[in-house]
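Data first, discussion second: the structure below is written as structure tokens.
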Amino acid sequence: MHVKKGDTVMVLSGKNKGQSGVVLFALPETQKVVVEGVNIVKKHVKPSAGNTSGGIEERPGALHASKVGLIDPETGKPTRIRKQIQDGKKVRVGAASGKVID
């Protein structure tokens, strides 16, 4: 995947287009990511020992990874990335600026 936990991304399409946030976790098996403050869904939770009242919680839902673009720290805009090998390590490089992101 082109994004990983801790990356700052912007949503490129859908109802949350233009919003940005930090990737909370990535799900590479399903090609999805959960972004902080984006795609908020309501989840009905049952009462339990830790949460005695239960109720309806709002939490971020998963988005497909193709709908988000990695924010280039150089320009502050979303960019595509390519992967290169430098010093024996695979690194992510911003397509627009050509700078190493990792």
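For the atom pair S97 OG and K77 NZ, the distance stands at 12.0 Å (nearest 0.5 Å). Between D7 atom CG and I71 atom CD1 the span is 10.5 Å, to the nearest 0.5 Å. One finds the CG atom of L12 at 12.5 Å from the CD atom of Q19 (value rounded to the nearest 0.5 Å). The structure places NZ of K32 at 10.0 Å from OG of S66, a figure rounded to the nearest 0.5 Å.
Remark: side-chain polar atoms of N39 are paired, donor with acceptor, to backbone N or O of A62 under 3.5 angstrom. No donor-acceptor pair under 3.5 Å is formed between the side chain of N51 and the backbone N or O of S48.
Considering all non-hydrogen atoms of both residues, S13 and K67 come closest at OG-CG, 3.6 Å. What you find for A26 and P28 is that their closest heavy atoms are O-CD, 3.4 Å. In this structure, T8 and L70 approach most closely via the heavy-atom pair O-CD1, 3.7 Å. Nearest heavy-atom pair across P47 and S53 is CG-O, 4.0 Å.
Look at K42 and E58 and you find a salt bridge, because one of the NZ, NE, NH1 or NH2 atoms lies within 4.0 Å of a carboxylate O, short of that distance. In summary, D72 and R92 do not engage in a salt bridge, as defined by a charged side-chain N under 4.0 Å from a carboxylate O.
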(request) Quick one: do Q84 and K90 satisfy side chain to side chain contact (heavy atoms under 4.5 Å, CB included)? Show the steps, please. (result) CA-CA 6 Å; Q84 291 181 345; K90 189 184 281 189; over 6 Å; no

(message) Is there a side chain to side chain contact (heavy atoms under 4.5 Å, CB included) between V11 and L63? Walk through the geometry before answering.
(response) CA-CA 9 Å; V11 180; L63 290 168; 3.9 Å; yes

(request) Evaluate side chain to side chain contact (heavy atoms under 4.5 Å, CB included) for V68 paired with V33, printing each intermediate quantity in order. (result) CA-CA 9 Å; V68 298; V33 292; 4.1 Å; yes

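Put simply, V38 and M1 are part of the same group of oily side chains (I, L, V, M, F, W, Y) that touch within less than 4.5 Å, one to the next. Two different hydrophobic clusters hold V22 and M10 under the rule that ILVMFWY side chains link at heavy-atom gaps under 4.5 Å.
Proximity of P60 to L24: side-chain heavy atoms (C-beta onward) are separated by under 4.5 Å at one or more points. Between R59 and V45, some side-chain heavy-atom pair lies under the 4.5 Å cut-off. Looking at H64 and Q31, their side chains come closer than 4.5 Å, going by heavy atoms from C-beta outward. V93 has its side chain out of reach of I81: every pair of non-hydrogen atoms, C-beta onward, lies at least 4.5 Å apart. Looking at heavy atoms from C-beta onward, K83 lies out of side-chain contact with V91 at the 4.5 angstrom threshold.
Atom CZ of R82 has more than 12 neighbouring heavy atoms from other residues, nucleotides or ligands inside a 6.0 Å radius.
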